[in-house]
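First up is the structure itself, then whatever we jot down about it.
Note that the structure is a prediction, hence the values are computed from the model and not measured.
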Amino acid sequence: MKALMLAGGRGTRLRPLTHTSAKQLFPVANKPVIFYGLEAVREAGITEVGVITGETGAEIRAALGDGSRFGLSITYIPQEAPLGLAHCVLIARDFLGDDDFVMYLGDNFLLGGVQELVTAFRAGDYEAQILLAAVDDPRSYGVATLGRSGEIVGLTEKPAEPESDLAIVGVYLFSPAIHEAVRAIGPSARGELEITDAVQWLIAQGHRVHSHLVSGYWKDTGRARDILECNRMVLESVEPRLDGTVAGSTEIIGRVVIESGAVVEDSVLRGPIVIGTGTKIIRSYVGPFTSIADDCMLEDAEIEYSIVFANASIRGVSRIGESIIGRDAQVLPAPRTPAAHQLIVGDHSTVRLRA
């Protein structure tokens, strides 16, 4: 069995952060989200991985390399434009050959990995297996409608009026039969080759398609609030580790990770949190569910339930919460007068200010 990891797409729901960085590389507990998927694939015994890349292909290649750091062999497959998930299968035909494969969306996080799913797929003699999860607003997902016996009776991609609350999780298992399906379908109204149409084609042709309801934690990290929630979930399981330097009257409460080379002075750290290598935290408060990446500076600042990317600087500001601070960003106090907010806000940004 092989794996097809999808790392293209423009990440429009995460602008402006995705103007300068691939969404699959956004840090969750200071580790790019796509790394979790690659590790899950390896733990399932799969070693050959095709990675679909788009506009951020160079950044993805630099982060993943040849795959050896994960115990994998990676083949890169460029996609000229985001033309749909079924199009990804179409252009990966030579790499996939006649092998079964897992297709894993690189911005999805599935707690518990895929080993049991792979085992069940192999034992079940299915042509396709899709994962489903109940969501509050299914309009942003592929949606499945099930019959009385749990069989799939319909699949719709991002419907305006969903017939169920069952979203299709971004992890699929396919036999080689899917290759005929992706060749048989045409573009949708969105101009893309939809994987939901391909799976629907398999069902119409009498192939066995199995659905599995996810009982554990799954998150599509396509929106800022989803990344923060995923970060919270991963931090819940961190084991405390203090490899950096802790000085002065610093108080550490709960599960806190301070990486080697980090310095914390006269601060309060209330876990679960992760502090990256080379980061300095001076006279500051870092509250629960916060991950601060490498080489950041926090001085006379307060922050909680947030993600801070590498090389960011936060000085003299309180109190930051439920926020994502991008790479090389600076968050600084405004002058006392005039009493006005001073902002440089990029396209597609969201800023919330106290009135």
V41-Y76 co-clustered via ILVMFWY side chain contacts under 4.5 Å: yes
Any side-chain heavy atom of V264 sitting closer than 4.5 Å to one from T245? no
Can you confirm whether Q205 is buried at CD, in the sense that more than 12 heavy atoms of other residues, nucleotides or ligands lie under 6.0 Å from that atom? yes
Taking a hydrophobic cluster as the set of Ile, Leu, Val, Met, Phe, Trp and Tyr residues connected by side-chain heavy atoms closer than 4.5 Å, whether directly or through intermediates, do L298 and Y285 fall within one such cluster? no
Is there a path of hydrophobic side-chain contacts, each under 4.5 Å between heavy atoms of I/L/V/M/F/W/Y residues, joining Y126 to V118? yes
Looking just at side-chain N and O atoms, do E127 and S175 make a donor-acceptor pair shorter than 3.5 Å? yes
Quick one, V102 with L4, criterion side-chain contact (heavy atoms from CB on, under 4.5 Å). Give me CA distance, side-chain angles, the key distance, then yes/no. CA-CA 6 Å; V102 177; L4 190 63; over 6 Å; no
Quick one: OG on S188 to NZ on K158, what's the gap to the nearest 0.5 Å? 10.0 Å
R315 and D300, any side-chain heavy atoms less than 4.5 Å apart: no
Donor-acceptor pair, distance only, cut-off 3.5 Å: does the side chain of R255 make one with the backbone of E236? yes
Treat each ILVMFWY residue as a node, draw an edge where side-chain heavy atoms are under 4.5 Å apart, and state whether L83 and I52 are in one component. no
Start with the C-alpha distance between L131 and I168, add both sets of side-chain angles, then the distance that settles side-chain contact (heavy atoms from CB on, under 4.5 Å), and finish with yes or no. CA-CA 6 Å; L131 279 60; I168 302 174; over 6 Å; no
When F109 is tested against each of Y36, F35, F26 for ring pair (Phe, Tyr, Trp, His ring centres under 6.0 Å), which residue passes? Y36
Taking R42 for its side chain and F70 for its backbone only, find out whether a donor-acceptor pair lies under 3.5 Å. yes
Between K280 (side chain only) and A262 (backbone N and O only), is there a donor and an acceptor less than 3.5 Å apart? no
Go through H87 and Q79 one step at a time and tell me if the side-chain hydrogen bond (donor to acceptor under 3.5 Å, both in side chains) criterion holds. CA-CA 9 Å; H87 183 261; Q79 187 182 32; 2.9 Å; yes
Should L213 and L166 be marked as a side-chain contact (heavy atoms from CB on, under 4.5 Å) after you check the CA-CA gap, both sets of side-chain angles, and the distance that decides it? CA-CA 9 Å; L213 191 62; L166 294 176; 3.8 Å; yes
Salt bridge or not between K31 and E39? Use side-chain N to carboxylate O under 4.0 Å. yes
Is the shortest side-chain heavy-atom distance between L90 and R183 below 4.5 Å? yes
Heavy-atom distance under 4.5 Å between the side chains of E251 and L269, does that happen here? no
Kindly indicate, with the supporting measurements, whether the criterion salt bridge (charged side-chain N to carboxylate O under 4.0 Å, His left out) is fulfilled by E322 and R225. CA-CA 8 Å; E322 299 181 50; R225 67 185 183 188; over 6 Å; no
Heavy-atom side-chain proximity of I282 to D266 below 4.5 angstrom: no
Does some side-chain heavy atom of L105 sit less than 4.5 Å from a side-chain heavy atom of V171? no
Could you tell me whether the side chain of S267 and the main chain of R283 form a donor-acceptor pair under 3.5 Å? yes
Given 3.5 Å as the limit, does a donor-acceptor pair link the side chain of D66 with the main chain of I74, or not? no
Heavy-atom closest pair, residues G124 and R208: O-NH1, 2.9 Å
Before giving the answer on side-chain hydrogen bond (donor to acceptor under 3.5 Å, both in side chains), spell out for S313 and Q330 the whole-Å C-alpha distance, their side-chain angles and the decisive distance to 0.1 Å. CA-CA 5 Å; S313 177; Q330 295 187 37; 5.5 Å; no
Spacing of CG belonging to N311 relative to CD1 belonging to I325, to within rounding of 0.5 Å: 14.0 Å
Side chain of T290, backbone of Y305: donor and acceptor closer than 3.5 Å? yes
For D137, is the CG atom crowded, meaning more than 12 foreign heavy atoms sit under 6.0 Å from it? yes
Please determine which of I320, I273, V331 meets the side chain to side chain contact (heavy atoms under 4.5 Å, CB included) test together with I303. I320
Can you check whether T279's main-chain N or O pairs, donor with acceptor, with D295's side chain at less than 3.5 Å? no
Main-chain N/O of A247 paired with T250 side-chain donor or acceptor, under 3.5 Å: yes
Taking side chain as C-beta onward, heavy atoms only, is M103 less than 4.5 Å from L85? yes
Are any of the side-chain nitrogens in E259 or R241 under 4.0 Å away from the carboxylate oxygens of its partner? yes
Starting at CG of L110, measure out to CG of L117 and round the result to the nearest 0.5 Å. 6.5 Å
Parallel, tilted or perpendicular for Y172 and F174, by the 30°/60° rule? parallel
Interatomic spacing from CD1 in I46 to CD in Q115 - rounded to 0.5 Å: 9.5 Å
Whether the side chain of S323 engages the backbone of G321 through a donor-acceptor N/O pair (distance < 3.5 Å, no angle test) should be reported. yes
So CE of M5 and OG1 of T53: to nearest 0.5 Å the spacing works out to 13.5 Å
Ion pair present between D98 and R93, side-chain N to carboxylate O less than 4.0 angstrom? yes
Please report the closest heavy-atom contact between V114 and A40, naming both atoms and the distance. CG2-O, 3.7 Å
Can any side-chain N or O of D328 pair as donor or acceptor with the backbone N or O of A312 at less than 3.5 Å? no
Are any non-hydrogen side-chain atoms of I178 and L202 less than 4.5 angstrom apart? yes
Under the side-chain contact (heavy atoms from CB on, under 4.5 Å) criterion, do V274 and I292 qualify, and how do the steps go? CA-CA 6 Å; V274 176; I292 301 176; over 6 Å; no
In Å, rounded to the nearest 0.5 Å, how long is the span from OG of S284 to CD of E299? 7.0 Å
